[in-house]
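Encoded as structure tokens, the structure appears first; notes follow it.
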Amino acid sequence: MEVVAKEGQPRQSGDSGTPGKEKFASEEGFLVIERQDLVPRIHLFRIAAPAIARKAKAGQFVIIRLDEVGERIPLTLADWSKDNEDITIVFMEVGASTMMLATVDEGEYIKDVVGPLGVPSEVENYGHVVCVAGGVGVAPITPIARALKEAGNKVTSILGARNQDLMFWEKHLRSFSERMIVTTDDGSYGRKGLVTEPLAELLQNEKVDRVVAIGPAIMMKFCAKCTEPFGVKTIVSLNPIMVDGTGMCGCCRVSIGGETRFTCVDGPEFDAHQVDWDELLARQRTYPEKEHHAFKDCKWRAFQKTLVASGG
Amino acid sequence: MTTNPTKTPKLNLNRVDMPRQNALLRVLNFNEVALGYTEEQALSEASRCLQCPKKPCVEGCPVGVDIPEFIAQLKDGNPDEAVRILKQKNSLPAICGRVCPQESQCEEKCTLAKKGAPVAIGRLERYVADWELADIAKRRAKLVAPEPTGKSVAIVGSGPAGLTVAADLVKLGHRVVIFEALHVAGGVLVYGIPEFRLPKAIVQAEVDYVKSLGAELALDWVVGKTIGVDELLKDSFDAIFLGTGAGLPMFLNIPGENLIGIYSANEFLTRVNLMKAYLFPQYLTPVNIGDRVVVIGGGNVAMDSARCAMRLGAREVRVVYRRSRVELPARLEEVENAEKEGVIFQFLTNPTRFIGNDEGMVTGMECVEMELGEPDASGRARPVPKPNSEFIIDVDTVIVALGTTPNPLIPSTTEGLETTSRGTVVAEKESGLTTKPAVWAGGDLTTGSATVISAMGAGRRAANAIHAYLTGEKAN
């Protein structure tokens, strides 16, 4: 497949015949170079985005708008390549927008991809770092684990999923981890139980200098509760609702140590022990009825798209 | 033989009203409220202009449009010439004709204003601009490609300031690339001002015009994140204009402000205007509007928010303002529009905390009554809380419209760019030159929240300065 840079790539020979004219503007959007269906309802897209790939750092995110009618949704980067000029995102179908995103095939375009946004992860040599990933959180935590390992840390990873069928990137994360503990809620793979159980054991039995936890907000909340008595600095990557992603609207505001902060520009990573979890969890449920309504509507749209694609 | 002695023409004080959508109907849709003059109405209004030799109205215009001349041309049946005169000073007349506060600018200075009936300059401006927009081909034909200078300029932000600089510089033969963080160009014109006050098709037509001149538009580029100012200067551009506006919302910083149902006006308007939440679920961005909506603040953004809330189906929309009616910073016209649409005003009231339910949703707002004291630094009476006057308003949705400050994203990532304590970028008043070489700035980024026309004026001055810098010659 021919891979064409759709934005950002300075070119030696630009359009309109002016030598040395670099192209920044793009009409088409962003090309999906590769699509992988990792597990049911979790997908990986590799997207041509040279400018974002040049700047991306672990912990940062992009805002994606699929098409003219789409929402702007934040997705933390799962990987990027300066050389290949692309970025990788992994997402789970959880609502209308992600369901529509999942209808995009290789060779198709996403209208808008903006980034890299947010503050990169703090990466130093802390000593022993435990990375805890829940569900789709394994994707954003992997580049963080990689950066931590490159900085000289000993990385222990805990990867949890509801069951074996929903587990992915285990090998990937393992390659940056000295040790790996896998859990499933139902015991269908690895250890039966929640990620907080092995986390608590590690904290009791070993010296842990830092914990990074990424997953559903409820999981991150319980990781924070688990590490707090041990006084181990714990970093979480928050996932509130966003619109612009540049500090303009305040939709993603969270309370950190009693102060209001914007996740998009001050985060997405914060000290887990300072986060007002109940507020975050409540704010994530701002639009239950609207989400239901949009989901029903989009099911029909997704079905129509499949019909057209299959020539039926 | 008898000749009539020269008589002063009788003053015509019948200012022609602008037709509007009926108030009962318009709260059911997002279509433009003010419908524009017909040709007959425009000619009739134009004929009221006295053509004063001193042209006081021009002094009232921040960009110095030759108002009597464009009106004379319109009256004499030369709308194309009227367009040309308008555009000499104002590259976005269809926008300014709609959103400029003419009553405190050109129309305030109009000789007929003393008689209570200034010429409706804004409405005439809009008429002329719309006449031109109705036939884009006409205006394209007039363009003559300038000789390329080989110089290139990056414009950061595609709001009124950026669009003006882009249009001016591209006409002078410079390569111009406009960088916009959002997925649509127009800045506050598309995310802030609602469709019913400024149709997005009008903004798009103006953006298309600037593109047709040869300006390149790079959407989805967050300068400061996707690429830095220094990288732009080093690799690709000879000069930079920063026009990123004042996009950061201010909050009250009172307890309960993060409850569900409390929006900044920026978020609320962005959802409604930019993301088209009023067309949900066809457009997938939602917005929640409860039965009882309170808008906090008294500026144009508060009026826009209140009127959007009305249209989204709120039963009761209440604007809560801590001063009294006379201090309202919003345009009188917008206040009247809001009142006609059923918006309630509650003056001398200030919120002190929000009350929520078990689900974290806002249900009430505690307020305190205010009284006006001595004038403060802004010259307006300072509101002072009355002791023991607390009371609670039941609310489902709250929109906080207290104003905005510049986004620190670029200043914080650009070395050598000085800012004030208010977060505005320091720039020379005349040229817009910042403390960083080859970087200019203008509009709300340098002044804090102001008007579209003042941003355009700053853009025009900066364009002149940038052109002089690039070529060593003076622009017109």
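We name chains A, B, ... by the order of the sequence lines, and we start the count at 1 in each one. For clarity, every value in this text was computed on a predicted model and none was experimentally measured.
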Is [X] in contact with chain A via its backbone, its side chain, both, or neither, using a 4.5 Å heavy-atom distance?
X: B/Leu259; answer: backbone
X: B/Phe268; answer: neither
X: B/Leu409; answer: side chain
X: B/Asn407; answer: side chain

I need the [X] [atom1] to [Y] [atom2] distance, nearest 0.5 Å.
X: A/Asp67; Y: B/Tyr283; atom1: CG; atom2: OH; value: 9.0 Å
X: B/Ile260; Y: A/Arg283; atom1: CD1; atom2: CZ; value: 7.0 Å
X: B/Asp220; Y: A/Phe30; atom1: CG; atom2: CZ; value: 5.0 Å
X: A/Phe24; Y: B/Phe179; atom1: CZ; atom2: CZ; value: 4.5 Å

Is there a donor-acceptor pair closer than 3.5 Å between any side-chain N or O of [X] and the backbone N or O of [Y]?
X: B/Lys225; Y: A/Gly118; answer: yes
X: B/Arg271; Y: A/Val243; answer: no
X: A/Arg65; Y: B/His183; answer: no
X: B/Lys276; Y: A/Val69; answer: no
X: B/Ser264; Y: A/Cys249; answer: yes
X: B/Asn266; Y: A/Gly250; answer: no
X: A/Arg301; Y: B/Gln282; answer: yes

Side chain, backbone, both or neither: which part of [X] has a non-hydrogen atom closer than 4.5 Å to chain B?
X: A/Glu68; value: both
X: A/Ile73; value: neither
X: A/Lys296; value: neither
X: A/Asp112; value: both
X: A/Arg72; value: both

Determine, stepwise, if the pair A/Lys290 / B/Asn288 fulfils side-chain contact (heavy atoms from CB on, under 4.5 Å). CA-CA 8 Å; A/Lys290 293 269 176 14; B/Asn288 281 342; 3.3 Å; yes
Top residue by heavy-atom pair count (under 4.5 Å) with chain A, among B/Glu359, B/Met275, B/Glu267? B/Glu267
Heavy-atom pairs under 4.5 Å with chain A: which of B/Asn258, B/Thr285, B/Val222 has the most?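 Looking at each of B/Asn258, B/Thr285, B/Val222 in turn, B/Asn258 comes out on top.
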Determine whether more than 12 heavy atoms belonging to other residues, nucleotides or ligands lie under 6.0 Å from atom NZ of A/Lys225.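 Not more than 12 within 6.0 Å, no.
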Just wondering, more than 12 heavy atoms not from A/Lys57 lying within 6.0 Å of its NZ? no
Does a salt bridge link B/Glu231 with A/Lys55, judged by any charged N lying under 4.0 Å from a carboxylate O?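 Result for this pair is yes, salt bridge flagged.
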Top of [options] for chain B proximity - count of heavy-atom pairs under 4.5 angstrom:
options: A/Asp244, A/Leu117, A/Asp276; answer: A/Leu117
options: A/His293, A/Glu71, A/Glu259; answer: A/Glu71
options: A/Gly245, A/Pro116, A/Cys298; answer: A/Pro116

Taking C-beta and beyond as the side chain, do B/Pro249 and A/Phe262 meet within less than 4.5 Å on heavy atoms? yes
Take A/Met248 and B/Thr270 through the test side-chain contact (heavy atoms from CB on, under 4.5 Å) and record every step on the way to the result. CA-CA 9 Å; A/Met248 224 180 79; B/Thr270 298; 3.6 Å; yes
For a quick test of reading the model, state the closest non-hydrogen atom pair linking A/Val114 to B/Ala181 and the distance between them. CG1-O, 3.9 Å
Which of parallel (below 30°), tilted (30 to 60°) and perpendicular (above 60°) describes B/Tyr263 and A/Tyr287? tilted
